[in-house]
Visitor: 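Here it is: the structure, laid out below.
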Amino acid sequence: MCDCCKHHEQHELPKTYDHHQVEQKWYQIWEENGYFSCKNNEGGEPFSVVMPPPNVTGQLHLGHAIDNTMQDILTRWHRMMGHQTLWVPGCDHAGIATQAKVEEHLAVDGISKYDLGREAFVDKVWDWKHQYHDRIVKQLKMLGSSCDWDKERFTLDEGCNDAVNEVFVRLYNEGLIYRGTYIINWCPKCQTTISDIEVEHSDHPGHLWHLRYPLADGSGEVVVATTRPETMLGDTAVAVHPDDERYAGMIGKKIMLPLMNREIPIIADDYVDMEYGTGAVKITPAHDPNDFEMGLRHNLPQITVIGKDARMTEAAGEYAGLDRYDCRKAVVEAMDKLGLLVKIEDISHAVGECYRCGSVIEPLISPQWFVKMEPLAKPAIEAVLNGDIRFVPQRFEKIYLGWLENIRDWCISRQLWWGHRIPVWYCQDCGEVICQKTEPECCPKCGSHKLQRDEDVLDTWFSSGLWPFETMGWPDAEKMAEMQKFYPTSVLVTGRDIIFFWVARMIFTGLHFMEEKPFSDVFIHGLVLDAQGRKMSKSLGNGIDPIEIIEQYGADPLRFMLITGNTPGNDLRFQTERLEASRNFCNKIWNASRFVMMNLTDYQPGKGELNYSLADKWILSELKAAAASISNNLGKYELGEAARQIYDFTWDCFCDWYIEMSKPRLYGNDPVERYTAQTVLVEVLTSILKLLHPFMPFITEEIWQALPHEGETIMLAKWPEADKMTDYPEEAAVMALNMEAVRAIRNIRAEMNVQPGKKLELIFATDTAAEGLQQGEIYIKALAGAESMSIVPASTAAPEQAAVAHIRGVDIYLPLKGLIDLDKEIARLKKEIGNMDKEIKRLEGKLNNSGFIAKAPADVVEGEKVKLADYSEKKASLLERVAELNKLA
RNA sequence: GGAGGCGUAGCUCAGUCGGUUAGAGUGCUUGCUUGACAUGCAAGAGGUCACUGGUUCGAUUCCAGUCGUCUCCACCA
């Protein structure tokens with residue numbers, strides 16, 4: 001680098017944008033100045049979002065990154081539009097997940113939760129919570145999330161506990177929460193129940209054992225088929241279909257259950273599928289949900305043979321104490337020895353597994369708490385059907401409705417220590433069940449002080465299901481008063497994987513307790529997949545830590561990459577190339593800004609004479625169109641499309657064209673031209689920064705601060721509204737034609753291998769576009785690399801040694817002495833004529849079709865006619881030139 | 001067994017009310033130290049819009065079916 005360059009460098013911004021420092025700096029300033037607070041824009045239309053609370057023991061992954069980026073984009077956009085904006089952050093206590101993690105950690109030191117006892121263990125979990133909470137908050141801040149930290153909540157904080165107790169007691173008093181002994185999903189590893197949706201079904205290879213069950217009177221036998229032979233020890237019936245002729249005579253007879261030597265009846269039930277297996281089913285009411293139901297219908301005894309530890313109980317007789325799978329082997333062997341094993345069939349069948357730990361779920365009978373779903377589901381279905389709540393994309397409504405329409409009661413009690421304890425006490429003397437928000441002094445029925453609180457806690461989703469209103473202070477009327485305007489919230493942004501777990505539950509609790517929907521729109525996004533299109537998972541080890549990406553590339557590129565090239569609801573592949581493209585975009589903006597600022601040394605806003613030229617009117621028109629379209633797309637949750645449009649406008653319109661157009665005017669010696677160019681550069685760049693700010697908050701603030709501006713932060717700057725901008729359609733069209741001329745000339749330069757530095761002499765032969773070309777001369781010369789340009793009547797013939805191009809109404813002649821290879825030039829022109837021919841043919845065909853003329857809208861027909869005229873004109877012009885050249889040849 | 005998504009350039013994806021010479025990024029080819037940027041500039045090649053049929057003056061777009069692919073739901077022992 002020479003000395004003079006060094007000298008310049010000192011005054012300039014660095015050539016490449018470095019996000020380090022910038023991002024942290026601005027987040028801190030924003031936070032310290034209270035820009036995230038919902039108190040800004042007081043009186044503006046309210047806009048509110050509640051953050052899907054991340055599990056407190058986890059750490060952020062790309063799924064959180066996309067989720068929070070989308071919320072942040074919407075929040076920042078609305079804030080800039082002057083809306084009073086609230087984005088509530090928070091974490092979820094994540095009952096099973098967190099408890100399991102802490103237990104695992106303790107196990108390393110050989111400590112079990114029982115060694116500590118309930119209270120000390122829960123204290124330990126709180127320690128963990130604090131540690132991980134801080135990490136998550138840090139990660140959310142790194143991402144740029146503009147949430148109101150003053151309103152931060154935790155699903156297990158005091159307020160949420162109050163809400164949970166209120167809800168529980170009210171539902172209990174309404175008869176919508178009940179305790180009952182039913183068959184539930186038991187995870188033998190987590191040692192707790194889980195709800196139906198927490199059971200994941202996947203196909204596994206297994207066997208279908210066909211077992212011979214002899215009749216008690218020795219008159220025959222029934223062959224039953226089962227995938228779980230060990231459960232036969234708890235069989236209390238064999239069921240056949242009432243219409244099954246094979247078993248018609250046997251219904252009502254007794255079976256002598258082998259191994260147990262117990263008599264059980266043969267019953268008839270519609271549930272049995274005659275086609276499957278042998279058409280006869282062994283019934284184990286205590287260990288199968290269907291058998292349980294059938295047992296109730298037929299009043300069958302329930303014999304529990306598998307315990308909560310997944311070992312056989314005393315009721316299993318000689319098999320007591322065996323693990324369920326060891327018992328399976330033993331039972332099969334014993335049956336085989338007795339000659340009662342008919343055959344073993346290999347099959348693939350669905351096995352239920354715990355969504356947390358993957359253990360095979362055991363259906364067991366146990367006393368648990370349930371929420372009665374039917375009365376709650378009804379309004380939740382109605383709210384979506386009548387359009388009160390809208391899913392984006394709409395197809396997710398079907399998924400939501402399908403689930404609620406077939407829902408079963410929700411098992412909410414969990415045998416854990418970490419969570420909201422069930423607000424129920426049992427009187428040890430009279431057995432009274434007391435359900436109330438606070439601990440009772442004594443039994444209201446018998447006065448006894450011997451009260452025992454229910455040991456269980458509630459399903460995590462019971463408390464997160466109240467999120468949109470518990471975060472607004474409910475049920476505390478005083479706290480609510482301040483927040484009321486934010487309920488219902490505007491939109492819920494979340495992944496499609498928790499529509500059932502969370503979205504549905506918030507909807508029915510909101511409708512029930514607030515008597516109003518919790519949100520108007522549900523904006524569903526897909527998963528972030530790896531570069532090969534696989535789900536990111538621990539087992540595959542293909543997960544990507546957003547923090548590492550942010551450190552390497554910055555939050556802005558990550559955010560931009562996560563929302564571009566994607567449509568609502570679809571999965572997104574994480575690709576480094578796309579991340580690099582986003583980073584390059586940052587750099588592009590940085591350098592465009594650098595260019596603008598370098599040319600502002602003598603600029604004083606509002607202190608000069610303005611005279612908009614063609615180029616100015618063109619870019620301002622483009623800006624208006626872009627702003628309108630971006631707002632429109634944001635309103636439709638088409639974030640990817642909005643981002644693409646700001647990208648295109650910035651790179652293509654502003655950088656590739658307008659900045660280049662501004663150069664001859666900045667470097668010329670007309671002060672009005674220079675001042676006007678400066679003004680438009682600043683104005684358009686400022687608008688770009690604002691339009692881009694929701695997507696890339698950090699770099700936009702950094703640059704905005706260096707430009708002339710009003711206000712303290714771009715965060716609260718006014719969103720560019722297209723309605724308030726001016727466009728100049730006529731001048732923009734003229735400029736567009738000039739740009740077309742530039743492209744045509746550049747094309748010839750490239751094809752003819754004209755040296756980039758060589759200045760051309762341009763001749764435009766036209767009768768229609770002369771004025772526009774005259775006005776655009778300064779730009780055309782600069783952008784096409786010309787030293788002179790003349791405009792002549794259309795009838796003027798081209799010089800012999802010239803290349804020719806044609807745009808609407810204009811023949812462009814490029815005198816290129818010595819560079820024209822006659823044959824090559826003819827070939828080039830003929831190729832273009834060929835293209836025109838193809839199009840002309842197509843258009844003629846269309847226009848000759850009487851159906852098209854008669855039925856297509858007039859403007860479409862007109863448009864095709866204009867096209868045909870244009871192509872024909874171009875073809876004629878080029879043909880003429882070819883004829884001239886042929887004469888020369 | 002049901003339900004849904006996806007199938008468009010070598011790759012990853014856009015394409016909103018049916019009419020565009022079907023687009024972008026990336027990769028590829030060619031040429032460039034162009035007074036912001038080589039994380040760049042300019043020009044270019046590259047597509048039977050999975051297949052078949054239907055509706056229509058006209059289908060990448062709407063409908064039906066087929067194939068491929070991914071996902072969700074489901075108590076068939």
Side-chain angles (χ1 to χ4, degrees), chain A residues 8 12-13 15-17 197 201 208 224-228 231 239 271-273 275-284 288-293 349-350 352 363 393 395-396 398-399 402-403 406 496-497 499-500 526-527 529 531 533 535 564-567 569-573 575 577-578 580-599 632-633 636 638 640-641 644 647-648 655-656 659-660 663 667 743 746-751 753-757 782 785 835-836 838-839 842 846 849-857 859-861 863-864 867 871:
Chain A
H8 281 296
E12 287 170 9
L13 295 165
K15 277 180 134 181
T16 47
Y17 171 64
I197 43 172
H201 298 270
L208 196 55
V224 296
T226 179
T227 53
R228 296 160 65 208
T231 61
Y271 161 77
V272 179
D273 179 355
E275 308 295 318
Y276 193 89
T278 60
V281 194
K282 57 187 275 314
I283 301 301
T284 323
D288 181 280
N290 301 309
D291 295 7
F292 178 80
E293 294 294 329
H349 68 130
R395 69 182 128 94
F396 290 106
K398 236 176 138 177
I399 294 174
W403 185 69
N406 299 302
R496 57 152 187 263
D497 48 334
I499 291 176
F500 306 145
L527 268 43
L529 308 174
K535 215 166 147 173
T564 46
N566 190 238
T567 34
N570 285 356
D571 292 345
L572 176 87
R573 283 194 204 201
Q575 291 173 109
E577 302 95 77
R578 298 209 312 110
E580 282 168 356
S582 296
R583 179 206 52 192
N584 295 352
F585 181 45
C586 270
N587 197 52
K588 189 71 182 174
I589 297 156
W590 181 253
N591 276 292
S593 308
R594 216 160 62 92
F595 169 81
V596 173
M597 287 188 267
M598 269 175 201
N599 288 291
N632 182 32
N633 278 302
K636 291 191 297 185
E638 294 277 357
E641 185 62 7
R644 193 187 61 77
Y647 179 97
D648 285 350
C655 294
D656 288 346
I659 284 187
E660 294 308 319
K663 284 177 182 173
Y667 305 145
R743 264 188 232 107
R746 284 172 172 173
N747 182 319
I748 289 175
R749 290 187 72 122
E751 287 201 16
N753 290 319
V754 179
Q755 289 203 326
N835 287 343
M836 289 304 108
K838 227 169 59 189
E839 287 308 310
R842 190 179 64 84
K846 217 169 175 180
N849 179 342
S850 56
F852 176 70
I853 300 293
K855 296 193 178 173
D859 58 325
V860 171
V861 176
E864 299 295 73
K867 261 190 255 170
Y871 294 152

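Keep in mind that the numbers below use all heavy atoms, side chains included, and drop hydrogens, waters and symmetry copies. Quick caveat, the model's predicted, so the values are computed rather than measured.
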Visitor: What interatomic distance, in whole Å, is found between P of B:U16 and the corresponding atom of B:U8?
Guide: 16 Å

Visitor: Where is the tightest heavy-atom contact between A:Gly526 and A:Asp571, given as atom of each residue plus distance?
Guide: CA-OD1, 3.4 Å

Visitor: Contact class for A:Tyr871 vs. all strands (heavy atom < 4.0 Å): base, sugar-phosphate, or nothing?
Guide: base

Visitor: Check every strand shown and say whether A:Lys636 touches a base, only sugar-phosphate, or nothing at a heavy-atom separation below 4.0 Å.
Guide: base

Visitor: With sequence neighbours excluded, what pairs up with A:Tyr271 under the side-chain hydrogen bond (donor to acceptor under 3.5 Å, both in side chains) test?
Guide: A:Asn290

Visitor: Testing the basics here: between A:Arg749 and A:Gln755, what is the closest heavy-atom pair and its distance to 0.1 Å?
Guide: NH2-O, 3.0 Å

Visitor: Look only at the side chain of A:Asn406 and the backbone of A:Gly402, and say whether a donor-acceptor pair between them is shorter than 3.5 Å.
Guide: yes

Visitor: NA contact type, A:Arg749, heavy-atom cut-off 4.0 Å: base, sugar-phosphate, or nothing?
Guide: nothing

Visitor: Under the side-chain hydrogen bond (donor to acceptor under 3.5 Å, both in side chains) rule, collect the residues that match up with A:Thr567, sequence neighbours excluded.
Guide: A:Asn570

Visitor: Heavy-atom nearest nucleotide on RNA chain B for A:Phe585 versus A:Lys398: which residue maps closer to 5'?
Guide: A:Lys398

Visitor: For RNA chain B, produce a single dot-bracket line, 5' to 3'. Pairs: Watson-Crick or G-U wobble, both distances under 3.5 Å. Symbols: ( ) within strand, [ ] crossing, | other strand, . unpaired.
Guide: (((((((..((((.....[...)))).(((((.......))))).....(((((..]....))))))))))))....

Visitor: What's the gap between B:G19 and B:U60 when it is taken at their C1' atoms, as a whole Å value?
Guide: 13 Å

Visitor: Which part of the nucleic acid, if any, lies within contact of A:Pro363, taking any heavy atom under 4.0 Å across all strands shown: a base, the sugar-phosphate backbone alone, or nothing?
Guide: nothing

Visitor: Report which part of the nucleic acid A:Ala581 touches: base, sugar-phosphate, or nothing (heavy-atom distance under 4.0 Å, all strands).
Guide: sugar-phosphate

Visitor: Do the side chains of A:Lys867 and A:Glu864 get close enough for a salt bridge, i.e. N-O under 4.0 angstrom?
Guide: yes

Visitor: With RNA chain B as reference, determine whether A:Ile853 or A:Asn566 sits nearer its 5' end, using the nearest nucleotide of each.
Guide: A:Asn566

Visitor: With heavy atoms under 4.0 Å as the rule, sort A:Asn599 into base, sugar-phosphate or nothing.
Guide: nothing

Visitor: Check whether more than 12 heavy atoms from other residues, nucleotides or ligands sit under 6.0 Å from atom CD of A:Glu751, and answer yes or no.
Guide: yes

Visitor: Once you apply a heavy-atom cut-off of 4.0 Å, does A:Arg228 come out as touching a base, just sugar-phosphate, or nothing?
Guide: nothing

Visitor: Contact class for A:Asp291 vs. all strands (heavy atom < 4.0 Å): base, sugar-phosphate, or nothing?
Guide: nothing

Visitor: Touch check for A:Val596, heavy atoms < 4.0 angstrom, all strands: base, sugar-phosphate only, or nothing?
Guide: nothing

Visitor: Rounding to the closest angstrom, what is the interatomic distance between B:U20 and B:U39 at atom C1'?
Guide: 32 Å

Visitor: For atom P, what is the distance between B:U29 and B:C49, given to the nearest Å?
Guide: 27 Å

Visitor: Rounding to an integer number of angstrom, what distance separates B:U12 and B:U66 when you compare their C1' atoms?
Guide: 27 Å

Visitor: Between the main-chain N or O of A:Asn587 and the side-chain N or O of A:Asn591, is there a donor-acceptor pair closer than 3.5 Å?
Guide: yes

Visitor: Taking the same atom, C1', in B:A22 and in B:G54, what whole-Å distance lies between them?
Guide: 24 Å

Visitor: Got a sec, which residues hit ring-ring contact (aromatic ring centres under 6.0 Å, His included) with A:Phe585, two or more places apart in sequence or on another chain?
Guide: A:Phe560, A:Tyr647

Visitor: Contact class for A:Arg583 vs. all strands (heavy atom < 4.0 Å): base, sugar-phosphate, or nothing?
Guide: base

Visitor: In whole angstrom, give me the gap between the C1' atoms of B:C67 and B:C75.
Guide: 32 Å

Visitor: Under a criterion of less than 4.0 angstrom to any heavy atom of chain A, what are the 5'-terminal and 3'-terminal contacting nucleotides of RNA chain B?
Guide: B:A3 to B:A77

Visitor: Please classify the nucleic acid contact of A:Lys282 as base, sugar-phosphate, or nothing, using heavy-atom distances under 4.0 Å.
Guide: nothing

Visitor: Could you go step by step and tell me if A:Arg842 and A:Glu839 meet the salt bridge (charged side-chain N to carboxylate O under 4.0 Å, His left out) rule?
Guide: CA-CA 5 Å; A:Arg842 190 179 64 84; A:Glu839 287 308 310; 3.1 Å; yes

Visitor: Who passes ring-ring contact (aromatic ring centres under 6.0 Å, His included) against A:Phe500, sequence neighbours left out?
Guide: A:Trp403

Visitor: Select base, sugar-phosphate, or nothing to describe what A:Cys655 touches, counting heavy atoms under 4.0 Å on all strands.
Guide: base

Visitor: In whole Å, measure the gap between the P atoms of B:G47 and B:C11 for me.
Guide: 13 Å

Visitor: Have a look at B:C32 and give me syn or anti from its glycosidic angle (syn if within 90° of zero).
Guide: anti

Visitor: Would you indicate what A:Glu660 reaches in the nucleic acid, counting non-hydrogen atoms under 4.0 angstrom: base, sugar-phosphate, or nothing?
Guide: base

Visitor: Give A:Glu641 one of three labels, base, sugar-phosphate or nothing, depending on what nucleic acid heavy atoms sit under 4.0 Å from its own.
Guide: base

